[in-house]
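None of the values given here were measured: they were computed from a predicted structure. As a basis for the values below, the full set of heavy atoms in this structure was taken, side chains included, without hydrogen atoms, waters or symmetry mates.
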Amino acid sequence: MQQINLELFGLFFASIFTGNILLTNYLGMCSFLGASREVKTAFGLGLAVTLVMGITTPLCWLVYYLILKPYDLYYLRFIIFIIVIAAFVQVAEICIERISEKLYHNLGIFLPLITVNCAILGACLFMEIRHYNFAQSVVYGFGSGIGWMLAVIAMAGIRQKMAKSRVPQPLAGAGIVLIIAGIMAIAFTGFSGVL
Amino acid sequence: MIEIVIAIAICCAITVSLTLIILLAEVTIGNYGECIISINDGARELKIDGGQTLLACLNEAEIYIPSACGGKGSCGLCTLQVTRGAGDYLPTELPWISEERRKENYRLACQIKVKNDLEIIIPESCFLVREVTAEVVAITDLTHDIKEVRLKLPVDSDIVFKAGQFMQIKTPKYKLCDEPVYRAYSISSSPDDETGLEFMIRLVPNGICTTYVHQFLNVGDMVTVNGAHGEFFLQDSERDIICIAGGSGMAPIMSILLDMRYRGIKRKVTYFFGAMTKRDLFYLDELKQLEKDLDDFTFIPALSQPKPEDNWQGETGLITEVIERNMTDGSNSEAYLCGSPGMINACVNVLTGKKVPEDQIYYDKFG
């Protein structure tokens, strides 16, 4: 029991830091570049990604192992995963709008933006490639989401600090952000010896 | 073979069941029931199904609030007061509504979803707005990039407008837009011309409506317009009038001048028209005629980059420099400006320098 718990914790930690989906796989880059201008926006989007990733990864696990695999239809996983994610985002948006206006303003407006976020599909596909079980897929989904959020908030903080500094003209905008993302990725690999 | 059938069946089954879940969520969770919109302290009440935007609900009830972007929150025209039931401001509204207007509960109608009963206040003039489908009877080239379009109004249309106001032209679905969109254009004809409406439309590269008008619209086509909208019109006063507009910005000014001639208004008018070269000038004969017909009207065209072959004898330089040279004390004047935001800001600076009170400077900004 303890061993399983430790294993899950290890996976959780790895998905946030050492195997950060954004910084090691470079997935979800476009929203990462677009939404990292302000910490507040980055936090809202990060939260939305965590929620969607954390729920769709196990959801896709269920669909894959209960429907696709028994019928040997693993080659349909791309299209089916995309449909599942899109449908979930749609329903989540309707629910959030109904439940709380405040939550909708802070989180709901980002949901349509991440329907086609490749990090979310990426997490679902890694879950399948790495043969995670259901518990692992839950932990991996949430962990990856939190990792993505952490990276985007860190980047937003850096960009806010950088707003007043003089960036060489050819590097201004996406150029310098990609360079910083590279340095951040190197920094995150520093965690690899921890566990 | 059977494998393919199973694959298709499962794919369809998953898609259909997910669609059903979404639909179910929409009719149960996303159903806000019947909502009541009370307009101007109960003067009118609308019963609508919740869930749509306020702008769409009002349009459905044939109350046309001006909107140039088609409800995308990018023009800021559809502002109105929502005194109860709208909730907090959305991030998409904030750029369009100043701190002061927020205190008066101004909101963007296209961004507010009707989820409960609302109380709103809209100007009485909005009830006078009509939508009609009219036939294009003439398209004339005014310059290389400005066309004049004349619409013949149906006999039973009761569109009324003040000289200077604008209409919204509906651009149907075509290669540049997936859905019909409305764009705002000032009326250039006189309000006393009850048979038709005229517009001056300059071709904007990739502009949805301007490209449509310049490349696809033909005489005989039907065009849907609604209006009139806008707070830019000739004020009742005895003050001198200064008009500043270049290019297709001439439209509302032309309407004002024609209206003055029709109503026999004898106020002093000076019209500064800025253009780059001689080929950008138009309507010179009409304006010369107006100089004769009106009591005290001076038309001052100015070229900023006259070519040698233009043989230009008139004013040259930027329009702001020309105003600076030709204007003395403006304290008893009111000004009407139509043009790009940059040109308007520059002209407002010059006019206030000439002592024209800021609240007597009226303008229509277009991008």
Open item on the list: Can you confirm whether B/Thr224 sits close enough to B/Glu131 that some side-chain heavy atom of one is under 4.5 Å from a side-chain heavy atom of the other?
Closed with: yes
Task: Segment of A/Leu73 engaging chain B (4.5 angstrom heavy-atom cut-off) - done: side chain
Open item on the list: Counting C-beta onward and ignoring hydrogens, is there a side-chain heavy-atom pair between A/Met149 and A/Val49 closer than 4.5 Å?
Closed with: no
Task: Any residue meeting side-chain contact (heavy atoms from CB on, under 4.5 Å) with B/Pro205, in chain and number order, not counting sequence neighbours - done: none
- [ ] Side chain from CB out, backbone as N, CA, C, O: work out which of these in A/Glu97 comes under 4.5 Å of a heavy atom of chain B, or both, or neither.
- [x] both
Task: Residue pairs, two or more places apart or on separate chains, that pass ring pair (Phe, Tyr, Trp, His ring centres under 6.0 Å) and touch residues 62-85 of chain A - done: A/Trp61-A/Tyr65
Task: Other residues, nucleotides, ligands: >12 heavy atoms within 6.0 Å of B/Glu358 CD - done: no
Task: Region of B/Tyr32 in contact with chain A, defined by heavy-atom distances below 4.5 Å - done: both
Open item on the list: Please classify the contact of A/Ile83 with chain B as side chain, backbone, both or neither, using a heavy-atom distance under 4.5 Å.
Closed with: both
TODO: Please state whether the side chain, the backbone, both or neither of A/Val84 comes within less than 4.5 Å of a heavy atom of chain B.
DONE: both
TODO: Compare all side-chain heavy atoms of B/Leu203 with those of B/Val213 and state whether any distance is below 4.5 angstrom.
DONE: no
Task: chain A-proximal positions within residues 5-25 of chain B [heavy-atom distance under 4.5 Å] - done: B/Ile6, B/Ala7, B/Ile10, B/Cys11, B/Ile14, B/Thr15, B/Leu18, B/Ile21, B/Ile22, B/Ala25
Open item on the list: Test of understanding: with ring pair (Phe, Tyr, Trp, His ring centres under 6.0 Å), list the residues that count as partners of B/Tyr185, not counting sequence neighbours.
Closed with: none
- [ ] If the plane angle is over 60° it's perpendicular, under 30° parallel, otherwise tilted; pick one for A/Phe13 and A/Phe191.
- [x] perpendicular
